[in-house]
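Note sheet for the following structure.
Quick note: residue numbers are just sequence positions, from 1. Since the model is a prediction, treat every value here as computed from it, not as a measurement.
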Amino acid sequence: MSEQTEIHTSDRGFFGHPRGLATLFFLEMWERFSYYGMSAILLYYLYDQTSDGGLGLDKPTSSALVSIYGALVFMSGIVGGWMADRLLGMRRAVLLGGLLIMCGHLALAVPGGLPALLVSMLLIVGGTGLLKPNASSMVGELYSPADNRRDAGFSLFYMGINLGAFIAPYLVGTLGQQVDYHLGFGLAAVGMAAGLVVYVRGRARLGRAGDAPTNPLLAGERRQVALRAAVGVALLAVVVAVLGATGSLTVQVLINAVSVLAVLLPVAYSIMMLRSPKTDSVERSRLIAYIPLFIGAVCYWVVNEQSGSVLAQFADTRTDLEIFGFAVPSSWFQSLNPIATLVLAPTFAWLWIRLGDRQPTTPRKFATGLLLGGASFVLMAGPGLLHGVDALASPWWLVASYFVVICGSMCLSPVGLSATTKLAPRAFLAQMMSLWFLASAAAAGINAQLVQFYRAETEVGYFAGVGAAVMAAGVVMHLIAPWVQRRMGGVR
């Protein structure tokens with residue numbers, strides 16, 4: 001056993017886990033507070049009337065924009081992972097990302113209409129790409145490869161994510177919906193600032209995790225990379241200018257372009273890592289095993305990522321908002337997902353440790369997660385089937401749906417994070433985590449098209465059809481689980 005492994009194993013200062021997990025736990029908690037606080041009111045800000053402080057867009061377009069925003073946020077992880085692996089190291093990438101996110105929320109805090117929204121999107125997309133995958137990758141670096149606390153550590157880290165997401169709708173959502181949207185966005189910026197303070201003060205606990213690039217650019221490569229980046233930016237500027245001059249630069253064109261890119265990018269990225277000479281034969285086998293896990297994750301996130309669009313619209317327009325005699329803001333329903341996670345994450349973390357080597361394999365956990373995720377959407381067809389789509393639905397339908405989908409998430413999301421760090425080729429450690437987040441990007445890109453079909457008259461078929469398709473993916477994952485496990489090279 002190496003000295004580094006001994007250090008990893010002996011460090012149990014944070015609930016039996018390395019003390020560095022506490023730094024990353026609270027950083028991610030505040031970053032998710034800022035992001036989910038913004039997300040809790042973004043849809044309503046887009047389609048609310050201008051007289052009420054919104055932008056006055058139609059509901060299908062607003063839902064699609066929320067989806068492509070999510071897709072771009074997750075796709076940006078590719079750039080953030082590459083910059084960490086080749087230029088900055090994960091630790092500096094996380095710090096820069098947090099600063100950009102804070103500035104993005106400050107841009108939304110200014111009543112600048114669509115231009116301010118665009119600036120905010122660019123900053124938050126870039127910042128999240130730098131912070132999100134690299135913070136998660138550093139969690140994996142806190143554990144030795146053989147440390148069986150890894151899955152439980154990711155479950156605790158996932159709990160921190162959802163603690164921030166739980167608090168955000170009550171503070172940011174209430175301030176945004178009942179006082180002023182821009183004040184709500186400003187509070188999201190304060191949350192990210194708090195996360196940066198925690199991170200800077202606690203970086204010493206991280207040891208050497210993420211302190212240097214894992215695959216740094218050689219001196220001769222830097223000029224070539226800079227040239228390619230300049231050419232890419234120039235080509236993008238030309239395309240935008242041509243589309244603008246011809247009147248083709250519309251919101252729908254943007255939505256369609258992001259949807260296509262969100263699906264094609266992970267395909268190209270996977271091929272690049274598989275063909276790289278820096279990937280050895282064992283790592284290549286593990287990457288092949290990762291492909292069905294990735295596809296399963298996309299199917300699951302198609303359901304989960306609609307919480308900020310379709311389910312948020314259902315809460316706002318189809319749900320009886322009077323609960324126990326108290327009228328609640330529709331944004332509060334965004335806390336149901338993290339509430340369920342906070343209840344279930346410790347239970348599942350305990351369960352995996354309790355089972356030890358007897359716990360289900362990663363593919364079996366994924367199959368269970370898909371079945372539960374699909375069932376949560378099938379359940380949402382209930383109000384329309386039983387009472388019609390003109391009557392307001394009981395809020396308990398949403399409560400039940402969120403609880404079921406998060407049971408699925410506990411079998412898939414933290415397990416997927418952990419599997420990504422275990423199956424990643426060493427040369428692509430941070431970029432592999434970016435690939436994991438591309439599953440959410442691909443799902444959001446697909447959703448940008450799907451959510452435009454959601455309306456009252458299609459509600460029952462929409463929920464039942466999408467849910468049944470995801471459950472079918474769970475059945476397929478269960479059937480191919482032995483093949484996937486054999487390709488994972490000894491990783492469970």
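Of the possible polar contacts, one joining the Q177 side chain to the S331 backbone as a donor-acceptor pair under 3.5 Å is found. Side chain of S259 to main chain of I446: no donor-acceptor pair is present (N/O by atom type, distance under 3.5 Å, no hydrogens or angles). T174 contributes no side-chain N or O that, together with a main-chain N or O of L171, makes up a donor-acceptor pair within less than 3.5 Å. A distance-only check finds no donor-acceptor pair linking the side chain of Y269 to the backbone of M432 [under 3.5 Å]. The backbone N or O of W332 lies less than 3.5 Å from a partner atom in the side chain of S335, making a donor-acceptor pair. For the pair T128 (side chain) and V125 (backbone), a donor-acceptor distance under 3.5 Å is absent. Looking only at distances, a side-chain donor or acceptor of R92 sits under 3.5 Å from a matching main-chain atom of L88. In this structure, the side chain of D316 does not engage the main chain of A312 through any donor-acceptor pair within 3.5 Å. With R354 contributing its side chain and Q359 its backbone, the two residues share no donor-acceptor pair below 3.5 Å. One N or O on the side chain of S394 and one on the backbone of W396 form a donor-acceptor pair closer than 3.5 Å.
Aromatic ring pairs are classed by plane angle as parallel below 30°, tilted from 30° to 60° and perpendicular above 60°; the pair F377 and Y462 is tilted.
Here V200 pairs with L95, R203 under the side-chain contact (heavy atoms from CB on, under 4.5 Å) rule; sequence neighbours left out. Take W397 and apply the ring pair (Phe, Tyr, Trp, His ring centres under 6.0 Å) test, not counting sequence neighbours, and it matches no residue.
Between atom CZ of residue F348 and atom OG of residue S409 there is a gap of 9.5 Å, rounded to the nearest 0.5 Å. In this structure, CE in M410 is found 12.0 Å from CG in L351, a value given to the nearest 0.5 Å. A distance of 11.0 Å separates OG of S307 from CG of L43, quoted to the nearest 0.5 Å. One finds the CG atom of N304 at 5.5 Å from the CD1 atom of I406 (value rounded to the nearest 0.5 Å). Between the CG atom in L108 and the CG atom in L42 there is a gap of 7.0 Å [rounded to 0.5 Å]. Rounding to the nearest 0.5 Å places OG of S309 at 11.5 Å from CG of L46.
In terms of heavy-atom proximity, G373 sits nearest to Y300 at CA-CE1, 3.9 Å. Between A442 and V298, the closest heavy-atom pair is CB-CG2, 4.1 Å. Nearest approach of A71 to G445, heavy atoms of both residues: CB-N, 3.9 Å. V172 and M38 make their closest contact through CG1-N, 4.2 Å (heavy atoms, listed as atom of the first residue, atom of the second, distance). The nearest pair of heavy atoms linking F294 to P266 is CZ-CB, 3.4 Å. Shown here for S62 and L57, the closest heavy-atom pair between the two residues is OG-CB, 3.5 Å.
Residue-environment remark: CG (D58) exceeds the threshold of 12 foreign heavy atoms within 6.0 Å. Residue R455 qualifies as enclosed at atom CZ: its count of foreign heavy atoms under 6.0 Å is above 12. Counted within 6.0 Å of OH on Y170, heavy atoms from surrounding residues, nucleotides or ligands total more than 12; the atom is thus considered enclosed.
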task: Could you give me the CA-CA distance, side-chain angles and deciding distance for Y35 and E31, then say whether side chain to side chain contact (heavy atoms under 4.5 Å, CB included) is met?
output: CA-CA 6 Å; Y35 183 79; E31 186 274 330; 4.0 Å; yes
query: Stepwise, does the side chain to side chain contact (heavy atoms under 4.5 Å, CB included) test hold for F333 with L311?
result: CA-CA 9 Å; F333 284 87; L311 293 185; over 6 Å; no
query: Can you check side-chain hydrogen bond (donor to acceptor under 3.5 Å, both in side chains) on N447 and E305, steps first, answer last?
result: CA-CA 8 Å; N447 281 344; E305 287 297 318; over 6 Å; no
- request: Walk me through it: do F314 and F463 pass the test side chain to side chain contact (heavy atoms under 4.5 Å, CB included)?
  value: CA-CA 11 Å; F314 186 94; F463 282 126; 4.2 Å; yes
- prompt: Yes or no on side chain to side chain contact (heavy atoms under 4.5 Å, CB included) for E28 and K132, after CA distance, side-chain angles and deciding distance?
  reply: CA-CA 8 Å; E28 193 71 357; K132 188 76 175 149; 2.4 Å; yes
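Using a 3.5 Å distance cut-off with no hydrogens or angles, the side chains of Q452 and S63 do not pair a donor with an acceptor.
Put simply, the side chain of L438 does not reach to within 4.5 Å of the side chain of V267, judged on heavy atoms. A 4.5 Å side-chain heavy-atom check between M192 and L131 finds at least one atom pair inside the cut-off. Here the side chains of L117 and L55 are in contact, with some heavy-atom distance below 4.5 Å. Counting only heavy atoms from C-beta outward, the side chains of V263 and V260 never approach each other to under 4.5 Å. Two residues are said to be in side-chain contact when any heavy atoms from C-beta on lie closer than 4.5 Å; Q449 and I255 meet this criterion. By the 4.5 Å heavy-atom criterion applied to side chains, L342 and L163 are counted as neighbours. Taking 4.5 Å as the limit, every side-chain heavy atom of Y36 sits out of range of all side-chain heavy atoms of P169. Within the 4.5 Å cutoff, no side-chain heavy atoms of F185 are placed close to those of V110.
Checked against a 6.0 Å centroid threshold, the rings of Y45 and Y181 count as neighbours.
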